[in-house]
Amino acid sequence: MNLQVKEKMDDEKNVTLCIEGEVDVYTAPKLREKLLPLCQEGKTVTVDLSKCVYIDSTGLGVFIGAYKMQRGTDGKLILKGMNSRLLRLFKITGLHEIMKIEESAQEDGQP
Amino acid sequence: MDIYLQKQYERLLASYIRDPREDHLYSAQQLSKWIMEQRIPPEELVNFHISTVKKLLPDLPPQLKHSFDLLIEVMIGYGVAYQETEKLVNRQRELENEIDVAARMQQTLLPENPPPLPGTEIGVISVAANRMSGDYYNFVDHGRHSLGVAISDIIGKGIPAALCMSMIKYAMDRLDDHPLPPSEVLRDLNTVVERNVDPSMFITMVYGVYDSLNHKFRYSTAGHEPGFIYHAKAGRFYELKTKGLVLGVARDVDYPEYTVKLAPGDAIILLSDGVTECKVDGKFMKRSKLKRLIREHLALPAQQAVEAIHQKLLEMTNYELNDDQTILIIKRTRSET
């Protein structure tokens with residue numbers, strides 16, 4: 001499956017990236033290319049994952065790289081709209097405790 | 001092109017022009033193997049062919065002779081491409097050899113057989129999906145009938161993962177003389193990884209200490225889904241609790257410790273995500289199916305059990321591992337021997 005990354009400038013400071021498909025070892029570079037420069041510039045980046053079906057460990061590495069990059073700026077990284085499988089991944093890896101994750105309303109709370 | 005080869009070619013061409021026969025073509029095929037073995041570039045052969053044709057057929061129309069110049073010019077391009085390919089093939093061979101050496105070196109980073117521990121059996125298997133693995137395991141002697149075990153999954157595969165693995169191994173070796181409790185091992189390793197890896201790299205790990213005097217297993221995890229404990233009496237698997245950030249993301253991370261107790265016949269099953277995220281027919285294998293598979297083999301001695309489970313997973317995935325797989329089982333024996 002492929003990966004689509006759509007960028008939406010909400011205003012000068014806020015950007016939303018809509019991700020559709022799978023973030024894996026093959027598609028991760030595409031996300032990295034878009035996400036990391038935005039984080040480096042200190043933007044508030046909201047990543048909408050509601051159409052993202054799968055993230056593998058390389059994909060997770062992109063989010064970790066982005067998180068580390070924005071840590072040194074006054075920007076923010078917000079992840080939202082994860083399905084329960086993705087949320088589980090962020091919980092197992094402990095990333096949900098340090099990253100800003102907005103859980104979707106219909107989340108069933110299953111581990 | 002050496003003289004002997006030139007003579008062979010000329011003779012063949014002359015007799016084919018005189019009397020074209022099928023067996024000439026067969027000879028030409030044989031000759032071409034020889035020409036290629038001698039690394040004769042294509043433009044050189046075409047050039048030789050043309051001069052031989054001119055010699056054998058001196059009355060060729062001048063227009064045709066001119067056209068040969070064009071052919072040689074075009075063939076020069078092929079010649080360059082041929083040389084490039086030759087170089088690439090050699091380079092590829094060198095790289096393959098280097099990877100072979102690295103893969104053998106990587107094997108030496110893993111401990112040999114698990115050390116004996118009274119009243120327990122330990123089995124471990126770790127198989128790379130490709131030649132280099134991103135999975136790592138280790139045993140650490142904690143003295144007083146206690147053994148530390150670690151399973152680690154390094155993000156990514158191949159050479160970067162292997163380099164990272166050697167860092168983890170040497171960071172763990174530092175702790176050999178004064179073994180630390182699981183939470184502190186992970187805290188220590190986290191500092192090492194955080195300082196030394198690329199920002200988008202990370203490592204997951206479960207570290208546990210098995211005390212064979214009271215049969216308690218105390219463990220901590222760093223973003224690693226550890227696996228199961230099997231309670232023989234209930235005949236059921238329970239997930240090992242887990243909480244803790246992956247190694248290498250933030251500084252000063254605390255890792256909680258958990259303890260489980262094993263009765264005779266109980267077992268701890270530690271896995272890497274290549275096992276828990278194993279794909280069968282394009283779909284992730286259900287955990288219930290994985291548990292069933294493990295249970296079917298738990299009666300075997302621990303080493304045979306891990307090997308049989310791995311074999312079964314291989315069969316189910318049609319021998320196409322998409323990730324490295326590591327399985328480690330610690331089983332409390334039924335009778336204390």
Side-chain angles (χ1 to χ4, degrees), chain A residues 1-2 21-40 45 47 52-73 75 77 79 83-101 110-111, chain B residues 129-130 134-135 152-158 160-161 164 186 190 193-195 197-206 220-227 239-256 271-274 276-277 279 282-284 286-287 322-324:
Chain A
M1 195 192 246
N2 236 323
E22 294 184 358
V23 191
D24 59 19
V25 64
Y26 304 105
T27 62
K30 195 170 172 181
L31 175 63
R32 185 180 292 129
E33 249 168 54
K34 284 257 184 204
L35 182 58
L36 265 61
L38 292 171
C39 291
Q40 195 169 22
V45 189
V47 183
C52 176
V53 288
Y54 175 66
I55 298 177
D56 80 349
S57 53
T58 310
L60 211 53
V62 175
F63 289 104
I64 290 176
Y67 165 80
K68 286 183 172 177
M69 196 157 264
Q70 61 84 39
R71 214 165 34 180
T73 70
L77 177 66
L79 308 180
N83 67 29
S84 58
R85 190 176 175 90
L86 294 187
L87 193 62
R88 184 167 179 271
L89 180 69
F90 278 80
K91 282 185 176 165
I92 291 168
T93 49
L95 292 169
H96 74 301
E97 293 207 350
I98 57 164
M99 289 186 180
K100 194 163 166 46
I101 294 173
Q110 287 293 305
Chain B
N130 296 310
D135 279 6
S152 176
D153 191 343
I154 296 151
I155 184 209
K157 303 183 186 82
C164 214
L186 293 185
N190 179 54
V193 176
E194 208 269 339
R195 278 190 204 147
V197 301
D198 176 84
S200 64
M201 257 188 115
F202 64 88
I203 295 171
T204 72
M205 184 181 267
V206 48
S220 290
T221 62
H224 193 107
E225 202 174 11
E239 304 261 348
L240 289 172
K241 256 196 227 158
T242 169
K243 186 174 147 78
L245 185 63
V246 291
L247 303 177
V249 175
R251 281 179 202 165
D252 291 327
V253 182
D254 288 322
Y255 295 92
L271 307 162
S272 69
D273 72 351
T276 44
E277 303 236 315
K279 273 186 177 174
K283 284 186 191 147
F284 291 108
K286 287 200 172 124
R287 285 182 91 74
N322 46 20
D323 198 358
D324 312 320

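Order of the sequence lines fixes the chain letters, A, B, ..., with proteins taken first and strands second; residue numbering starts at 1 for each chain.
Between A:T93 and B:L245, every side-chain heavy-atom pair lies at or beyond the 4.5 Å cut-off. Looking at heavy atoms from C-beta onward, B:F202 lies in side-chain contact with A:S57 at the 4.5 angstrom threshold.
Contacts between A:L36 and chain B at a heavy-atom distance below 4.5 Å are absent for every atom of the residue. Contacts between A:I98 and chain B at a heavy-atom distance below 4.5 Å involve the side chain alone, from C-beta outward. Neither the backbone nor the side chain of A:F63 comes within less than 4.5 Å of any heavy atom of chain B. Heavy atoms closer than 4.5 Å to chain B are found in the side chain of A:Y54, but not in its backbone. Neither the backbone nor the side chain of B:Y255 comes within less than 4.5 Å of any heavy atom in chain A.
When all heavy atoms of B:I155 and A:T58 are compared, the pair lying nearest together is CD1-CA, 3.7 Å. Nearest heavy-atom pair across B:V249 and A:R71 is O-NH1, 3.1 Å.
In summary, B:E194 and A:K68 do not engage in a salt bridge, as defined by a charged side-chain N under 4.0 Å from a carboxylate O.
The structure places NE2 of A:H96 at 6.0 Å from NZ of B:K243, a figure rounded to the nearest 0.5 Å.
With chain B as partner, the option from A:G61, A:A66, A:A28 having the largest number of non-hydrogen pairs under 4.5 angstrom is A:G61.
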